Amino acid sequence: MAKDFELWDIIYNGPYVPTKVLDELPFSMAKTSKEYTEADKKAVEKNFRAKKILVCGIGPEEYNRISTCDTAKEIWEALQKAHEGTIQVKQSKIDMLTTEYELFKMRDDESIQDMHT
């Protein structure tokens with residue numbers, strides 16, 4: 001369960017980026033792969049596992065949308081935008097469905113079964 005949460009955290013919040021502390025500005029900087037410790041390698045590897053899970057769960061047409069994404073977070077955001085839309089699109093869909101629901105009524109030539117369907 002903890003591993004699942006760690007992978008979801010990487011997908012939702014972004015990958016772990018190993019950094020090193022410097023004595024001057026900027027006070028921190030991303031490490032090169034040669035400078036990674038074993039702990040850094042394991043943490044970075046989790047992003048690759050999360051990416052693999054997302055990529056293996058989609059079809060070929062979806063792959064074209066995410067093939068240029070570098071992180072699991074970028075893949076997740078691209079898929080969200082493709083399937084849910086932006087915040088404005090979501091709100092527009094909600095408003096449209098609310099209006100449709102409020103205007104819903106049985107027509108004169110409809111049976112109850114037809115209306116329910």
Side-chain angles (χ1 to χ4, degrees):
M1 182 70 174
K3 286 186 181 189
D4 293 338
F5 179 75
E6 289 173 0
L7 292 178
W8 174 246
D9 187 51
I10 288 168
I11 291 169
Y12 194 74
N13 295 317
Y16 169 75
V17 178
T19 56
K20 59 184 174 183
V21 179
L22 303 173
D23 294 331
E24 59 214 36
L25 284 174
F27 290 111
S28 66
M29 183 173 144
K31 291 181 181 178
T32 64
S33 58
K34 291 179 182 178
E35 297 173 314
Y36 286 1
T37 64
E38 283 302 312
D40 291 338
K41 288 178 185 177
K42 287 182 181 182
V44 169
E45 186 180 288
K46 290 178 185 175
N47 181 57
F48 291 105
R49 264 193 255 145
K51 279 179 61 173
K52 182 180 175 183
I53 289 169
L54 290 172
V55 170
C56 288
I58 61 172
E61 63 281 346
E62 295 292 331
Y63 183 78
N64 292 334
R65 284 194 178 115
I66 57 105
S67 61
T68 59
C69 297
D70 293 325
T71 66
K73 180 181 174 82
E74 289 175 8
I75 292 172
W76 182 252
E77 289 172 348
L79 291 172
Q80 267 189 314
K81 188 175 275 187
H83 292 282
E84 293 181 6
T86 61
I87 293 171
Q88 293 85 1
V89 171
K90 286 187 225 178
Q91 189 59 48
S92 177
K93 286 179 185 177
I94 290 169
D95 293 342
M96 183 182 70
L97 290 170
T98 302
T99 302
E100 189 177 322
Y101 173 75
E102 290 170 349
L103 297 174
F104 178 74
K105 63 181 180 180
M106 188 170 144
R107 294 189 307 251
D108 292 336
D109 60 333
E110 246 181 345
S111 68
I112 294 176
Q113 183 63 35
D114 290 339
M115 180 193 75
H116 180 63
T117 301

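The structure displayed is predicted, hence computed values, not measured ones.
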- What's the verdict on salt bridge (charged side-chain N to carboxylate O under 4.0 Å, His left out) for E77 and K81, showing C-alpha distance, side-chain angles and the deciding distance? CA-CA 6 Å; E77 289 172 348; K81 188 175 275 187; over 6 Å; no
- Item | Heavy-atom side-chain proximity of R65 to H83 below 4.5 angstrom | yes
- Message: Strictly distance-based, threshold 3.5 Å: is any side-chain N or O of K51 a donor or acceptor partner for the main-chain N or O of D70?
- Response: yes
- Query: Taking the side chain from T98 and the backbone from I94, do they hold a donor-acceptor pair closer than 3.5 Å?
  - Reply: yes
- Calculate, to the nearest 0.5 Å, the distance between atoms CG and CE belonging to D114 and M106 respectively. 8.5 Å
- Value for CG (D9) from CG (D4), rounded to nearest 0.5 Å, stands at 12.5 Å
- Message: If I take atom CG from residue L54 and atom OG1 from residue T71, how far apart are they, to the nearest 0.5 angstrom?
- Response: 10.0 Å
- Query: More than 12 foreign heavy atoms under 6.0 Å from CG of D109: is that the case here?
  - Reply: yes
- Message: Under a 3.5 Å threshold, yes or no: a donor from one side chain and an acceptor from the other, between T37 and D40?
- Response: yes
- Task: Determine whether V17 and V44 fall in the same hydrophobic cluster, where Ile, Leu, Val, Met, Phe, Trp and Tyr are linked whenever their side-chain heavy atoms lie under 4.5 Å apart.
- Result: no
- Does I112 CD1 have over 12 foreign heavy atoms under 6.0 Å away? no
- Task: Any chance you could measure E74, atom CD, to T68, atom OG1, to the nearest 0.5 Å?
- Result: 8.0 Å
- Verify side-chain contact (heavy atoms from CB on, under 4.5 Å) between V55 and Y63, making sure each step is shown before the conclusion. CA-CA 7 Å; V55 170; Y63 183 78; 4.0 Å; yes
- Item | Atom pair CZ/CD1 of F48 and I53 - distance to nearest 0.5 Å | 14.0 Å
- Does W8 belong to the same Ile/Leu/Val/Met/Phe/Trp/Tyr cluster as Y16, with side-chain heavy atoms less than 4.5 Å apart forming each link? no
- Nearest-0.5 Å distance, OG1 of residue T32 to NZ of residue K20: 6.0 Å
- Crowded around K105 NZ? As in, over 12 foreign heavy atoms under 6.0 Å? no
- Message: Checking L7 against K46 for the side-chain contact (heavy atoms from CB on, under 4.5 Å) test, could you report, in this order, the C-alpha distance in whole Å, the side-chain angles of both residues, the deciding distance, and whether it holds?
- Response: CA-CA 7 Å; L7 292 178; K46 290 178 185 175; 4.2 Å; yes
- Could K42 and E45 be called an ion pair, given the rule that one side-chain N must be under 4.0 Å from one carboxylate O? no
- Task: Can you see which heavy atom on N47 is nearest to which on A72, and at what distance?
- Result: OD1-N, 3.2 Å
- Can E100 and L97 be said to form a side-chain contact (heavy atoms from CB on, under 4.5 Å), step by step? CA-CA 5 Å; E100 189 177 322; L97 290 170; 4.3 Å; yes
- If you count the non-hydrogen atoms of other residues, nucleotides and ligands that lie under 6.0 Å from OH in Y12, is the total more than 12? no
